[in-house]
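Counting starts at 1 for both ligands and their atoms, in listed order. By convention here, the first residue in the shown sequence is residue 1. What you see below is based on every heavy atom in this structure, not just the backbone, and it leaves out hydrogens, waters and symmetry mates.
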Amino acid sequence: MRRTLLTGATGTLGRALRPRLREAGRSVRAASRSPPADTDGDWVELDLTTGDGVEAAMEGVDVVVHAATAPTGDSAAVDVAGTERLLAAAAEADVSNFVYVSIVGVDEIPLSYYRHKLDAERAVESSEVPATVLRATQFHEFVDDVLAAVSRLPVWPLPTRLRVQPLAVGEAADAVVEHATPEASGRVAPVGGPEVRTLGELARSYRETRGLRRPIVRLPIPGRVAAGFRAGEATCPDRAVGTVTWEEWLAARHGTDTATEVPSTGASP
Ligand SMILES: NC(=O)c1ccc[n+]([C@@H]2O[C@H](COP(=O)([O-])OP(=O)(O)OC[C@H]3O[C@@H](n4cnc5c(N)ncnc54)[C@H](OP(=O)(O)O)[C@@H]3O)[C@@H](O)[C@H]2O)c1
């Protein structure tokens with residue numbers, strides 16, 4: 001059987017994808033710059049910035065699931081040049097389906113990371129390698145990370161009116177696996193979480209689940225990026241295929257957490 005190369009296998013989505021691809025009967029070769037020491041199965045070292053390991057990783061591969069990314073790093077080098085490098089090796093290896101995971105709204109919201117994701121989508125779609133492009137909305141883990149960062153502050157300054165549609169990463173992975181077959185599907189319908197919510201609503205549920213009482217203060221953010229999120233450009237309400245709500249995910253993730261904080265006034269917008 002030919003193999004499925006999974007890039008970004010140590011990431012949030014990659015960790016959900018690997019067992020699902022295996023359950024779907026695929027022989028998975030997992031890749032990242034630093035594979036875990038204690039893992040089972042086929043793991044390779046691959047650096048999309050330098051190209052180290054890319055050609056070797058592609059040996060015997062018919063499907064690539066490309067989930068490596070550098071949202072807070074050099075996304076031009078990793079997401080754009082790295083994707084082009086991976087595509088060139090995939091063409092050499094006669095890969096029959098290059099699955100690219102992208103984000104809802106990358107063509108509408110002028111965030112520099114999103115521009116790089118859009119450039120990568122274009123590289124994938126103009127490549128000679130048959131491809132599948134699947135966009136997803138933000139994962140619950142991403143929203144959790146954002147709120148965890150502000151939760152250390154005595155007051156939470158947040159752009160409360162931004163609209164997002166958080167999705168369980170396992171449900172995003174299920175949608176990717178459905179298309180990770182030897183036949184490419186082209187651009188497929190995006191996947192979104194069950195509800196479009198404001199960041200303010202999500203923050204209040206987060207605060208409640210974690211037993212915190214810090215005030216949430218609306219932080220007005222000017223510019224087209226925030227305006228795009230406020231307008232719901234990062235959401236796809238007609239593709240609300242996820243079933244796990246933010247509150248259900250929070251209860252599973254933080255339900256037993258014991259929060260510690262200094263008492264606050266408890267004021268809330
Ligand atoms: N997070 C979200 O809310 C969200 C929503 C929709 C779509 N997506 C998309 O889903 C995909 C996966 O996102 P994620 O959140 O799982 O990302 P992540 O958790 O940040 O993981 C990124 C992965 O990329 C690998 N990586 C980074 N730099 C690399 C390099 N130079 N060479 C090779 N591998 C490199 C990392 O592995 P090492 O560090 O071990 O190399 C890691 O496995 C991305 O395409 C993202 O745009 C994410």
Handout entry: Pairs where residues 176-203 contributes a residue and the test salt bridge (charged side-chain N to carboxylate O under 4.0 Å, His left out) is met, not counting sequence neighbours
Key = E121-R187, E125-R187, E195-R197, R197-E201, R197-E247
N or O contacts of ligand 1 with protein under 3.5 Å, please list pair by pair.
{"residue": "ligand 1", "atom": "3 (O)", "partner": "F139", "partner atom": "N", "Å": "2.8"}
{"residue": "ligand 1", "atom": "16 (O)", "partner": "T12", "partner atom": "N", "Å": "3.1"}
{"residue": "ligand 1", "atom": "16 (O)", "partner": "L13", "partner atom": "N", "Å": "2.8"}
{"residue": "ligand 1", "atom": "19 (O)", "partner": "T12", "partner atom": "N", "Å": "2.9"}
{"residue": "ligand 1", "atom": "19 (O)", "partner": "T12", "partner atom": "OG1", "Å": "3.1"}
{"residue": "ligand 1", "atom": "24 (O)", "partner": "T69", "partner atom": "N", "Å": "3.2"}
{"residue": "ligand 1", "atom": "24 (O)", "partner": "T69", "partner atom": "O", "Å": "3.4"}
{"residue": "ligand 1", "atom": "28 (N)", "partner": "R33", "partner atom": "NH2", "Å": "3.4"}
{"residue": "ligand 1", "atom": "31 (N)", "partner": "D47", "partner atom": "OD1", "Å": "3.1"}
{"residue": "ligand 1", "atom": "31 (N)", "partner": "T49", "partner atom": "OG1", "Å": "3.3"}
{"residue": "ligand 1", "atom": "32 (N)", "partner": "L48", "partner atom": "N", "Å": "2.9"}
{"residue": "ligand 1", "atom": "37 (O)", "partner": "T10", "partner atom": "OG1", "Å": "3.0"}
{"residue": "ligand 1", "atom": "39 (O)", "partner": "R33", "partner atom": "NH2", "Å": "2.8"}
{"residue": "ligand 1", "atom": "40 (O)", "partner": "T10", "partner atom": "OG1", "Å": "2.9"}
{"residue": "ligand 1", "atom": "40 (O)", "partner": "S32", "partner atom": "OG", "Å": "3.1"}
{"residue": "ligand 1", "atom": "41 (O)", "partner": "R33", "partner atom": "N", "Å": "2.8"}
{"residue": "ligand 1", "atom": "41 (O)", "partner": "R33", "partner atom": "NE", "Å": "2.8"}
{"residue": "ligand 1", "atom": "43 (O)", "partner": "G8", "partner atom": "O", "Å": "3.2"}
{"residue": "ligand 1", "atom": "43 (O)", "partner": "T10", "partner atom": "N", "Å": "3.3"}
{"residue": "ligand 1", "atom": "43 (O)", "partner": "T10", "partner atom": "OG1", "Å": "2.7"}
{"residue": "ligand 1", "atom": "43 (O)", "partner": "G11", "partner atom": "N", "Å": "2.9"}
{"residue": "ligand 1", "atom": "45 (O)", "partner": "V101", "partner atom": "O", "Å": "3.0"}
{"residue": "ligand 1", "atom": "45 (O)", "partner": "K117", "partner atom": "NZ", "Å": "2.6"}
{"residue": "ligand 1", "atom": "47 (O)", "partner": "Y113", "partner atom": "OH", "Å": "2.9"}
{"residue": "ligand 1", "atom": "47 (O)", "partner": "K117", "partner atom": "NZ", "Å": "2.8"}

Handout entry: ILVMFWY clustering at 4.5 Å (side-chain atoms), partners of I221
Key = L219
Handout entry: Greater than 12 external heavy atoms within 6.0 Å of F142's CZ
Key = no
Can you list, pair by pair, the side-chain donor-acceptor contacts under 3.5 Å of residues 52-66, counting residues two or more places apart and other chains?
{"residue": "D52", "atom": "OD2", "partner": "T50", "partner atom": "OG1", "Å": "3.3"}
{"residue": "D62", "atom": "OD1", "partner": "R26", "partner atom": "NH2", "Å": "2.7"}
{"residue": "H66", "atom": "ND1", "partner": "T7", "partner atom": "OG1", "Å": "2.7"}
{"residue": "H66", "atom": "NE2", "partner": "T83", "partner atom": "OG1", "Å": "2.9"}

Practice task
Assess the side chains of E171 and T243: does a donor N or O sit below 3.5 Å from an acceptor N or O?
Solution key: yes
Problem - SB check R210 D144 (cutoff 4.0 Å) - result: no
